[in-house]
Each structure stands twice: as C-alpha cells, then as structure tokens.
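Please read the structure below before turning to the comments.
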Amino acid sequence: MPVDQSLVGRAFPPTPRLEVTEDRVRDFVAATGGEYAGGPAPATFPIVLAFDAMNAFLEAEAIELHRIVHGAQDFSYERPVLPGDVLSATLTVASLRQIGGNDIIGTTSEIADATGAVVCRTSATLVHRGADA
C-alpha cells in the first residue's frame with residue numbers, strides 16, 4: 001500500500017536526548033573501521049540520531065523496515081558534534097512520490113543540542129518497496 005501523501009510536511013516528535021560521550025564516539029568510529037584520538041565526532045556520527053528518528057517515523061506510520069532501501073544521505077553542519085553535547089533529532093517528511101509501485105520518501109532531520117540550537121541537518125532518500133516489488 002502506498003505511503004499517505006498527507007505526510008509531506010509533517011514533523012515527528014524529537015528523539016530522546018543522547019549524550020555524546022567519548023566512549024560513544026570511540027565505539028562509532030571503531031564500528032566504521034577507524035580509530036578515535038579525541039576531539040570532535042566524525043562527520044557521520046549524527047546518523048545515530050537520524051536513524052533513531054527514521055525508525056520512530058517508520059514505526060509510527062507502520063512502514064516495515066525490511067521494505068526500505070536507503071537511497072542517499074547528506075549532512076550539513078552549523079558546528080561540529082563534540083563530546084559533552086546532548087542531542088536530539090526531529091524528522092520531517094520533506095517529499096513523497098511514487099515510481100513503479102515504490103514510494104520515494106525524502107526526509108530531513110534537524111539535530112539540535114540541549115539549548116535547541118541546530119548543530120546539523122541531515123537529509124535522506126528512502127525507497128519504500130511496494131508489496132509487488
């Protein structure tokens with residue numbers, strides 16, 4: 001069943017706050033095959049929050065994760081993510097179109113610190129495979 005077009009423009013509740021610790025950053029870097037020597041988190045670290053926001057969106061809309069193919073991901077920064085930051089992500093459905101029985105869902109997520117200041121914006125393209133795909 002196609003995703004409801006009325007979702008475009010809808011913002012979902014923010015994710016629970018996540019404290020960025022050196023251990024979390026180190027674990028993320030190790031999981032991606034690198035080494036962490038301190039300092040700012042890697043540029044892709046906000047995917048941790050963006051993925052939580054995406055999963056909450058999929059759950060809220062009863063969209064099955066196994067039908068999703070991740071098409072693209074972009075990051076735009078206001079400032080680096082640093083250990084000690086406390087962050088949350090708010091996902092908005094930016095666009096939706098249907099092609100060949102699949103939904104192409106464009107999302108944006110704002111990653112904000114505890115004061116509400118935006119640290120990073122992410123955008124993602126998700127392909128929701130239709131039942132016949």
Side-chain angles (χ1 to χ4, degrees):
M1 178 147 102
V3 175
D4 184 354
Q5 190 70 32
S6 70
L7 286 175
V8 175
R10 183 171 164 202
F12 287 79
T15 60
R17 292 181 179 196
L18 174 79
E19 182 179 357
V20 179
T21 64
E22 288 209 347
D23 284 342
R24 280 197 168 109
V25 174
R26 188 173 291 105
D27 290 347
F28 178 84
V29 171
T32 58
E35 293 184 24
Y36 178 63
T44 55
F45 183 83
I47 196 65
V48 173
L49 291 129
F51 191 73
D52 286 347
M54 182 198 70
N55 277 328
F57 154 65
L58 296 175
E59 183 177 326
E61 295 305 311
I63 299 170
E64 298 169 317
L65 180 60
H66 77 272
R67 294 199 170 280
I68 295 291
V69 175
H70 191 259
Q73 185 78 46
D74 294 305
F75 298 89
S76 171
Y77 280 87
E78 297 297 320
R79 69 167 178 80
V81 172
L82 302 169
D85 282 337
V86 178
L87 306 175
S88 64
T90 302
L91 180 139
T92 301
V93 177
S95 63
L96 175 62
R97 59 191 171 113
Q98 281 81 31
I99 298 176
N102 298 309
D103 301 303
I104 312 300
I105 307 166
T107 66
T108 58
S109 292
E110 286 193 344
I111 312 297
D113 66 18
T115 70
V118 174
V119 174
C120 174
R121 289 177 182 83
T122 72
S123 62
T125 302
L126 308 173
V127 179
H128 174 247
R129 296 175 295 126
D132 297 334

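Atom CZ in Arg67 sits 15.0 Å away from atom CG in Leu126 (nearest 0.5 Å). To the nearest 0.5 Å, atom CG of residue Asp4 and atom CG of residue Leu96 are 8.5 Å apart. To the nearest 0.5 Å, atom CG of residue Leu91 and atom CZ of residue Arg10 are 10.5 Å apart. A distance of 7.0 Å separates CG in Leu87 from CD1 in Ile111, rounded to the nearest 0.5 Å. The distance from atom CZ of Phe28 to atom OG1 of Thr44, rounded to the nearest 0.5 Å, is 3.5 Å. Here the CD1-CZ distance, from Ile47 to Phe75, works out to 4.5 Å after rounding to the nearest 0.5 Å.
Formation of a donor-acceptor pair under 3.5 Å by the Thr92 side chain with backbone atoms of Thr108 is not found in this model. A donor-acceptor contact shorter than 3.5 Å is absent between the side chain of Arg121 and the backbone of Glu78.
Both Val69 and Ile104 are part of a single hydrophobic cluster, where members link through side-chain heavy atoms under 4.5 Å apart. Cluster membership check: Leu65 shares its hydrophobic cluster with Phe57, using side-chain heavy-atom separations under 4.5 Å among Ile, Leu, Val, Met, Phe, Trp and Tyr. One hydrophobic cluster, built from ILVMFWY side chains closer than 4.5 Å, holds both Val81 and Val29. No single ILVMFWY cluster, assembled from side-chain heavy atoms under 4.5 Å apart, contains both Leu58 and Val127. Under the 4.5 Å side-chain heavy-atom criterion for ILVMFWY residues, a single connected hydrophobic cluster contains both Val8 and Met54.
Using a 4.5 Å heavy-atom threshold, the side chains of Tyr77 and Pro46 count as touching. The shortest distance between side-chain heavy atoms of Phe45 and Thr32 does not fall below 4.5 Å.
What you find for Thr122 and Ala50 is that their closest heavy atoms are OG1-CB, 3.8 Å. When all heavy atoms are compared, the tightest approach of Pro83 to Gly39 is CD-O, 3.3 Å. Here the closest non-hydrogen pair linking Pro16 and Ser88 is O-CB, 4.3 Å.
The 12-atom threshold is exceeded at CD of Glu22, counting heavy atoms of other residues, nucleotides or ligands nearer than 6.0 Å.
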Walk me through whether Ile68 and Ile63 qualify under side-chain contact (heavy atoms from CB on, under 4.5 Å). CA-CA 8 Å; Ile68 295 291; Ile63 299 170; 4.0 Å; yes
Could you walk me through whether Val93 and Phe12 satisfy the side-chain contact (heavy atoms from CB on, under 4.5 Å) test, starting with their C-alpha distance in whole Å, then the side-chain angles of each, then the deciding distance to 0.1 Å, before giving a yes or no? CA-CA 8 Å; Val93 177; Phe12 287 79; 3.9 Å; yes
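Here the rule is side chain to side chain donor-acceptor pair (under 3.5 Å) with Asp103, and of Arg97, Gln5, His128 only His128 fits it.
Ion pairing between Arg79 and Asp85 holds under the 4.0 Å rule for side-chain N and carboxylate O.
With 3.5 Å as the limit, one finds no donor-acceptor pair spanning the side chains of Thr21 and Asp23.
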